[in-house]
Number of protein chains: 2
Amino acid sequence: MFTMRSEYALRIVLVLAKNCDRYLSMSEILEGVKRSVPREFAEKILNILKRAGIVKTQRGRQGGYALSKPPGEIRVSEIVFLLDRKSRVFYEFPDCPEELDCVIRNLWKRVEESIEKTLDSITLADMLEEQEKFTRKKCV
Amino acid sequence: MFTMRSEYALRIVLVLAKNCDRYLSMSEILEGVKRSVPREFAEKILNILKRAGIVKTQRGRQGGYALSKPPGEIRVSEIVFLLDRKSRVFYEFPDCPEELDCVIRNLWKRVEESIEKTLDSITLADMLEEQEKFTRKKCV
DNA sequence: TTACCTCCCGACTTTTCGAATCTAGATAAA
DNA sequence: TTTATCTAGATTCGAAAAGTCGGGAGGTAA
């Protein structure tokens with residue numbers, strides 16, 4: 001369904017969200033995701049996130065990556081659809097000469113909309129909160 | 001998102017649904033989908049549909065394929081999830097040792113459920129009806 | 001009985017695309 | 001200037017999807 005890019009991007013962004021007061025270097029991010037994301041891949045993803053304005057960067061020493069907005073203002077849909085565009089627009093025919101095509105395309109569209117609705121309704125802050133619940137459970 | 005198998009399967013099944021009173025030969029089916037599905041691929045898909053009990057067959061002269069249930073009793077989800085299993089279960093980890101994994105997996109699960117809900121709510125009869133609306137519009 | 005029509009089915013090739021890697025360059029702070 | 005960091009592309013690799021092929025087997029009707 002969605003590719004690893006979305007998966008990785010979410011992991012990375014959640015780590016950034018956890019430390020939203022400062023810049024994290026690549027090494028810190030990789031530590032944060034428990035080395036589950038290859039370095040070069042992470043760089044690429046962060047690049048895309050930056051160009052989209054979701055992440056800001058600081059070069060040189062003490063540099064790194066940080067979210068450019070508070071976690072509560074970043075919807076999961078922003079992340080996912082940025083990295084997996086295909087998952088968004090399934091079948092973009094210019095028009096439908098055949099009725100059969102139209103009907104099936106409408107079906108995919110409905111699916112698409114339901115996905116969009118779900119991902120739109122969740123922010124990074126929501127996910128952070130959920131994550132803390134897990135952690136609390138473990139520590140009790 | 002979904003593969004061509006789902007797309008093709010839906011086309012084929014809709015053609016069968018349109019003529020649910022008799023067996024359609026492969027040639028007739030291919031005509032019905034306007035040659036948009038390669039013959040050999042269609043055979044493969046029909047085979048899967050047959051083994052799943054959605055389609056029944058008749059060999060020899062006058063033989064062919066037909067739905068084994070009325071279109072109103074066949075949900076789109078049956079077709080789609082039969083041919084694209086991956087689209088159903090995204091990430092089936094046995095358990096979640098890392099909180100980060102849990103949270104993200106829960107996200108995918110919610111997406112998955114929304115897709116399932118959508119596809120469950122639509123039957124072949126619904127799609128046929130919609131198709132007829134298109135046709136009527138055209139002929140006015 | 002037999003000739004023909006239809007489905008049946010596994011093995012194969014080609015193509016596509018995601019995942020990961022590599023290499024080189026640009027920028028900014030110390 | 002040096003060093004740590006980000007920027008960016010090209011390339012390789014592998015798996016899975018898409019599509020193909022050829023023979024086989026069962027059924028019908030004349």
Side-chain angles (χ1 to χ4, degrees), chain A residues 1-12 16 22-31 33 35-68 80 82-88 90-91, chain B residues 1-12 15-16 19 22-33 35-68 80 82-91:
Chain A
M1 154 94 213
F2 300 111
T3 70
M4 294 309 284
R5 286 155 53 113
S6 286
E7 172 91 18
Y8 289 165
L10 286 175
R11 290 184 191 212
I12 290 170
L16 292 179
R22 65 193 185 87
Y23 286 92
L24 291 187
S25 72
M26 179 57 76
S27 315
E28 288 176 297
I29 292 173
L30 295 179
E31 281 304 320
V33 298
R35 303 269 159 207
S36 64
V37 183
R39 181 183 208 96
E40 295 80 7
F41 221 154
E43 285 179 348
K44 192 174 294 182
I45 290 168
L46 280 161
N47 235 321
I48 294 172
L49 290 171
K50 190 209 165 166
R51 271 178 289 178
I54 297 171
V55 157
K56 60 186 176 183
T57 60
Q58 177 77 17
R59 295 198 195 208
R61 294 184 178 177
Q62 311 297 330
Y65 302 88
L67 294 183
S68 52
V80 173
L82 178 66
L83 286 134
D84 283 322
R85 279 168 226 187
K86 279 206 190 138
S87 57
R88 183 132 189 244
F90 301 70
Y91 296 89
Chain B
M1 160 90 213
F2 300 111
T3 69
M4 294 308 285
R5 285 154 52 114
S6 286
E7 173 90 18
Y8 289 165
L10 285 175
R11 290 185 191 209
I12 290 171
V15 168
L16 292 179
N19 305 275
R22 64 192 185 89
Y23 286 91
L24 291 187
S25 72
M26 178 58 76
S27 313
E28 288 176 297
I29 292 173
L30 294 179
E31 282 303 321
V33 298
R35 304 266 156 208
S36 63
V37 183
R39 181 185 210 96
E40 293 81 8
F41 217 145
E43 281 183 350
K44 195 175 295 184
I45 291 168
L46 279 162
N47 233 321
I48 295 172
L49 290 172
K50 188 203 167 170
R51 270 178 290 176
I54 297 172
V55 156
K56 61 185 175 182
T57 60
Q58 176 77 18
R59 296 198 197 204
R61 292 188 179 175
Q62 312 295 332
Y65 301 88
L67 295 182
S68 52
V80 172
L82 178 66
L83 287 135
D84 284 321
R85 279 166 226 190
K86 280 210 189 135
S87 57
R88 185 133 188 239
V89 182
F90 301 70
Y91 297 90

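What you see is a predicted model; the values in this text were computed from it and never measured. Per chain, numbering begins at 1; letters A, B, ... match sequence-line order.
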- request: Just jot down the salt bridge (Lys or Arg N to Asp or Glu O under 4.0 Å) partners of R35(B), sequence neighbours excluded, or say none.
  value: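 Checked R35(B) against salt bridge (Lys or Arg N to Asp or Glu O under 4.0 Å); matches are E31(B).
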field: Those residues that, when tested against E40(B), pass salt bridge (Lys or Arg N to Asp or Glu O under 4.0 Å) (two or more places apart)
entry: none
Examine [N]: is either OP1 or OP2 under 4.0 Å from a nitrogen or oxygen in the side chain of [X]? Give yes or no.
X      : N      : value
S25(A) : dA4(D) : no
T57(B) : dC8(C) : yes
K50(A) : dC6(D) : no

What is the distance, rounded to the nearest whole Å, between atom [atom1] of [X] and atom [atom2] of [N]?
X      : N       : atom1 : atom2 : answer
E40(B) : dG22(D) : CD    : C1'   : 10 Å
I48(B) : dG10(C) : CD1   : P     : 11 Å
Y8(B)  : dT20(D) : OH    : C1'   : 13 Å
L83(A) : dA19(C) : CG    : C1'   : 14 Å
I12(B) : dC7(C)  : CD1   : P     : 12 Å
M4(A)  : dT21(C) : CE    : C1'   : 16 Å
R39(B) : dC9(C)  : CZ    : C1'   : 15 Å
L46(A) : dC6(D)  : CG    : C1'   : 10 Å

- request: Please name all residues satisfying side chain to side chain donor-acceptor pair (under 3.5 Å) with S36(A), sequence neighbours left out, ordered by chain then number.
  value: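 By the side chain to side chain donor-acceptor pair (under 3.5 Å) rule, S36(A) matches R11(A).
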field: Straight-line distance of L24(A) CG to Q58(A) CD, nearest 0.5 Å
entry: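 Result: 13.0 Å between the selected atoms.
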message: To the nearest 0.5 Å, what is the distance between CG on L49(B) and CG on L83(B)?
response: 5.5 Å
- request: Could you please name the option among dG19(D), dC6(D), dC21(D) that lies closest to any side-chain atom of Y65(A)?
  value: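 Closest of the options to the side chain of Y65(A): dC6(D).
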- prompt: What residues form a side chain to side chain contact (heavy atoms under 4.5 Å, CB included) with A42(A), not counting sequence neighbours?
  reply: I12(A), M26(A), L30(A), V37(A)
query: Of all residues at least two apart in sequence or in a different chain, which pass the side chain to side chain contact (heavy atoms under 4.5 Å, CB included) check with Q62(B)?
result: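 By the side chain to side chain contact (heavy atoms under 4.5 Å, CB included) rule, Q62(B) matches no residue at all.
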query: Where each residue is assigned the nucleotide of DNA chain D containing its nearest heavy atom, which of R51(A) and G63(A) is assigned the position nearer the 5′ end?
result: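 By nearest-heavy-atom nucleotide position, the 5'-most residue is G63(A).
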Classify [X] by what it touches in the nucleic acid, base, sugar-phosphate, or nothing, heavy-atom distance under 4.0 Å.
X      : result
L24(B) : sugar-phosphate
R5(B)  : sugar-phosphate
Y23(B) : nothing

Pick out the pairs of N or O atoms, protein on one side and nucleotides 26-30 of chain C on the other, that lie under 3.5 Å.
unit_1, atom_1, unit_2, atom_2, d
dA26(C), N3, R59(A), NH1, 3.4
dT27(C), O4', R59(A), NH1, 2.6
dA29(C), OP1, Q58(A), NE2, 3.2

query: Can you check whether T3(A)'s main-chain N or O pairs, donor with acceptor, with D84(A)'s side chain at less than 3.5 Å?
result: yes
query: Does any N or O in the side chain of S68(B) come within less than 3.5 Å of the main-chain N or O of K56(B), such that one atom is a donor and the other an acceptor?
result: no
- prompt: Can you list every pair that meets side-chain hydrogen bond (donor to acceptor under 3.5 Å, both in side chains) and has a residue in residues 41-52 of chain B, with sequence neighbours left out?
  reply: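 side-chain hydrogen bond (donor to acceptor under 3.5 Å, both in side chains) check on residues 41-52 of chain B returns K50(B)-T57(B).
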- prompt: Can you find a heavy atom in the side chain of L46(B) that is under 4.5 Å from one in the side chain of L16(B)?
  reply: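 Side-chain contact under 4.5 Å: yes.
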message: By the salt bridge (charged side-chain N to carboxylate O under 4.0 Å, His left out) test, which pairs, at least two apart or in different chains, include something from residues 58-67 of chain B?
response: none
message: With the threshold set at under 4.0 Å for non-hydrogen atoms, list the residues of residues 26-33 of chain B touching DNA chain C in residue-number order.
response: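 DNA chain C contact set from residues 26-33 of chain B: M26(B).
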What are the atom names and distances for every N/O pair under 3.5 Å that joins the protein to nucleotides 10-15 of chain D?
unit_1, atom_1, unit_2, atom_2, d
dA10(D), N6, K44(A), NZ, 3.3

